[in-house]
Amino acid sequence: MPNSFSAFDRPLRRRSFFRVAGAAAAASTLLLSGCDDSGTTTSNPDPVLTLGSADAGLLNYAYVLEQLETAFYKRVLDTPPADLSAEDKDLLTQIYQHEIVHREFLLKALQTASATPLNTVEFSFTSLTLTTRAGVLTAARMFEDLVVAAYNGAAKLFADATYLLLLGKIVSVEARHAALLHDLLQPGSFADATVVDASGAFAGLERSLTVSEVITEVNKFLVIKISAAGLPTS
Amino acid sequence: MNLFNIISELEKVDPEIMDRLSHRRSALSALGSLGKKMALAAAPIAIGSAFNKVLGQNNLADTTAVLNYALLLERLEYSFYDQALKAATLTPTLTGAARTAIETIRGHEQAHVNLLKTALGAAAAPEPANGFDFGGAFATYPTFLTFAQAFEDTGVRAYKGQAGNIPRDFSPTVGGATVNVLTVALQIHSVEARHAAHIRYMRRGAAAGAQANIMPWIVGKESNGAPAAVYGAGNPVATFPAEDNIMQATLTLTTGLGATYSAEDVSAAFDEALDNTTVTNIAKSVVTF
């Protein structure tokens, strides 16, 4: 297994460094001030972080997704919207705990494989409406659906069957989270047509997304963007 | 990893492994008889190799057998929901949103059956001649949901147990499109997990007895009234641990991740796989087919 990969694809150009630094500072300020969820979108068009290659890169890909989920749930549970019920909070707290276990386990897996974990990512959720129950659940549903589709698409890319099985053990739990969030928002929508094909030759199959499709979505919430370059595509 | 040691370990549980591997996996077929001799000569190492973990005591010979096994399980599930929706005993209680949800799930199972039949073509096994007899499963609404939870959770474990038995580069043409069979299996697997979560959520509702202790995920090996074997260990236990397993890749996750996590959260964070023999035995313990 290749174990030499860099978290940084190339040095930050001076100008984009300042743009990123400025955006990060703006995001922190927003978060610290408790803030306005409809704030400005932080953006840096140049992907500057890479995940690595082969299985280690794929583990990093999963690691970033689990970091995204934990950062999101932490943000929500730190300052929950007033209309989030006690039962909602209990369910989201359990989900949050599962995601922490996934995140920490993947970190260990990366370390065991002598790979460099990409743990310098910084998220910004200012584009989401997190001041209402509906907004929180809509965002949570989107993240869980995204992760399931990501793992469905990435599984075949692993060279080591051990990782494939471990990913399988995680993805069905993410699907359980996703189904619950669908139901909490709209009862009975646990496997609606937004995620499971309702007709056609592939009816009954859940979405599967490529690494690059997923990274495009993840980048919307990253202060410094990630590039999918280097990861296997088939 | 040391392939020869792995094969040596596999041969202890499956003496014909080289024969099966050599015509099943092109990557391994290159080893030929030289590989077998070296494998036999290699000193045994600790168990837990990649292939051992994945294959275990599964005894399905090839991808066709794996797909026919999936087809049987999907037919069982489709028949279960179809009979439930037609059962007079459930007519007064399986109504409204609950009926709509079960119709949705039945539709997915039907779609899975159709897809697998298309993929298998002439190799598709026939339906069981006498169909499926679910005994008293439809007696009451709560009983029906208990059985449903058992079938969905077992289905999730069953697909996971076969993931490593499908060559990841096996991408035949099905209905005019190139499909990666492993990806399709995962795309079915996550739908079954969604079904399981929803059935569990339904059991929390008033009509099913307001069982608020039932979570959409599996906590420990709590069976919630379903057969205990659904959440128990498979064979071999090291490869297919029970759902209360807290150890992944030789690491104890409650204490080995730098902080302490509860056994409930750790076990719920990972769904476990199950070998086909155990899955079939579970099915046969509650269904006649």
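To find a chain, count down the sequence lines: A is the first, B the second, and so on, and within it residues start at 1. Treat the numbers as computed from the prediction; the structure is a model and nothing was measured.
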Trainee: Check whether any side-chain heavy atom of B:Gln248 sits under 4.5 Å from a side-chain heavy atom of A:Lys108, and report yes or no.
Mentor: no
Trainee: State the CG-NZ distance between B:Asn180 and A:Lys156, to the nearest 0.5 angstrom.
Mentor: 4.5 Å
Trainee: For B:Thr100, which atoms come within 4.5 Å of any heavy atom of chain A: side chain, backbone, both, or neither?
Mentor: neither
Trainee: Run the side-chain contact (heavy atoms from CB on, under 4.5 Å) test on B:Val191 and A:Leu205 for me, step by step, so that the C-alpha distance in whole Å, both residues' side-chain angles and the decisive distance to 0.1 Å come before the verdict.
Mentor: CA-CA 7 Å; B:Val191 172; A:Leu205 297 188; 5.9 Å; no
Trainee: Please name the pair of heavy atoms, one in B:Ala269 and one in A:Val173, separated by the smallest distance, quoted to 0.1 Å.
Mentor: O-CG2, 3.4 Å
Trainee: Starting from the C-alpha separation in whole Å, work towards a yes-or-no answer on side chain to side chain donor-acceptor pair (under 3.5 Å) for A:Ser208 and B:Gln187.
Mentor: CA-CA 7 Å; A:Ser208 159; B:Gln187 290 175 284; 4.6 Å; no
Trainee: How far apart are the closest heavy atoms of A:Ala201 and B:Leu115, and which atoms are they?
Mentor: O-CD1, 3.4 Å
Trainee: For a quick test of reading the model, state the closest non-hydrogen atom pair linking A:His98 to B:Asp265 and the distance between them.
Mentor: CD2-O, 3.6 Å
Trainee: B:Ala101 versus chain A, heavy atoms under 4.5 Å apart: side chain, backbone, both or neither?
Mentor: both
Trainee: Less than 4.5 Å apart, any side-chain heavy atom of A:Ile95 and any of B:Trp217?
Mentor: yes
Trainee: At a 4.5 Å cut-off on heavy atoms, which part of B:Arg157 comes close to chain A: side chain, backbone, both, or neither?
Mentor: neither
Trainee: Rounded to the nearest 0.5 Å, what separates atom CG in A:Leu180 from atom CE in B:Met215?
Mentor: 7.5 Å
Trainee: What I want to find out is whether A:Lys169 reaches B:Glu243 closely enough, with some N-O distance under 4.0 Å, to be called a salt bridge.
Mentor: no
Trainee: For B:Ala212, is it the side chain, the backbone, both or neither that has a heavy atom under 4.5 Å from a heavy atom of chain A?
Mentor: neither
Trainee: For B:Leu182, is it the side chain, the backbone, both, or neither that has a heavy atom closer than 4.5 Å to a heavy atom of chain A?
Mentor: side chain
Trainee: Grab the two heavy atoms, one from A:Leu164 and one from B:Ala163, that are nearest each other, plus how far apart they are.
Mentor: CD2-O, 3.7 Å
Trainee: Would you say the side chain of B:Ile199 lies within less than 4.5 Å of the side chain of A:Phe190, judging by non-hydrogen atoms?
Mentor: no
Trainee: Look only at the side chain of B:His112 and the backbone of A:Gly204, and say whether a donor-acceptor pair between them is shorter than 3.5 Å.
Mentor: yes
Trainee: Run the ring pair (Phe, Tyr, Trp, His ring centres under 6.0 Å) check on A:His102 and B:Phe270 step by step: do they pass?
Mentor: CA-CA 8 Å; A:His102 293 162; B:Phe270 291 83; 5.5 Å; yes
Trainee: With no hydrogens and no angle check, do the side chains of A:Asn152 and B:Thr183 hold a donor and an acceptor under 3.5 Å apart?
Mentor: no
Trainee: Apply side-chain contact (heavy atoms from CB on, under 4.5 Å) to the pair A:Glu87 and B:Arg204, showing each step before the final yes or no.
Mentor: CA-CA 12 Å; A:Glu87 188 189 0; B:Arg204 292 167 66 92; 2.7 Å; yes
Trainee: Heavy-atom distance under 4.5 Å to chain A: side chain of B:His198, backbone, both or neither?
Mentor: both
Trainee: Assess the residue pair B:Arg194 and A:Asp192 against the criterion (salt bridge (Lys or Arg N to Asp or Glu O under 4.0 Å)); give the C-alpha distance rounded to whole Å, side-chain angles, the decisive distance to 0.1 Å, and a yes or no.
Mentor: CA-CA 10 Å; B:Arg194 284 176 183 267; A:Asp192 65 21; over 6 Å; no
Trainee: Could you tell me which portion of A:Glu174 (side chain, backbone, both or neither) has an atom closer than 4.5 angstrom to a non-hydrogen atom of chain B?
Mentor: neither
Trainee: Non-hydrogen atoms of chain B under 4.5 Å away: do they reach the side chain of A:Val148, the backbone, both or neither?
Mentor: side chain
Trainee: Among A:Asp183, A:Leu167, A:Leu107, who wins on heavy-atom pairs under 4.5 Å with chain B?
Mentor: A:Asp183
Trainee: Shorter than 4.5 Å, heavy atoms on both sides: which option in A:Val196, A:Leu157, A:Val171 has the most such pairs with chain B?
Mentor: A:Val196
Trainee: Could you check which of B:Ser190, B:Ala98, B:Ser171, B:Ala111 has the highest count of heavy-atom pairs closer than 4.5 Å to chain A?
Mentor: B:Ser190
Trainee: Checking A:Ala191 against chain B: side chain, backbone, both or neither under 4.5 Å from a heavy atom?
Mentor: both
Trainee: Identify the heavy atoms of A:Ser172 and B:Ala193 that sit nearest to each other, and give their distance.
Mentor: O-CB, 3.5 Å
Trainee: So do B:Val266 and A:Gln97 actually touch side chain to side chain, heavy atoms under 4.5 Å?
Mentor: no
Trainee: Considering only heavy atoms, which portion of B:Val184 lies under 4.5 Å from any heavy atom of chain A: side chain, backbone, both, or neither?
Mentor: both
Trainee: What do the steps show when you test A:Phe158 against B:Arg168 for side-chain contact (heavy atoms from CB on, under 4.5 Å), and what is the final call?
Mentor: CA-CA 9 Å; A:Phe158 279 99; B:Arg168 63 191 177 86; 5.9 Å; no
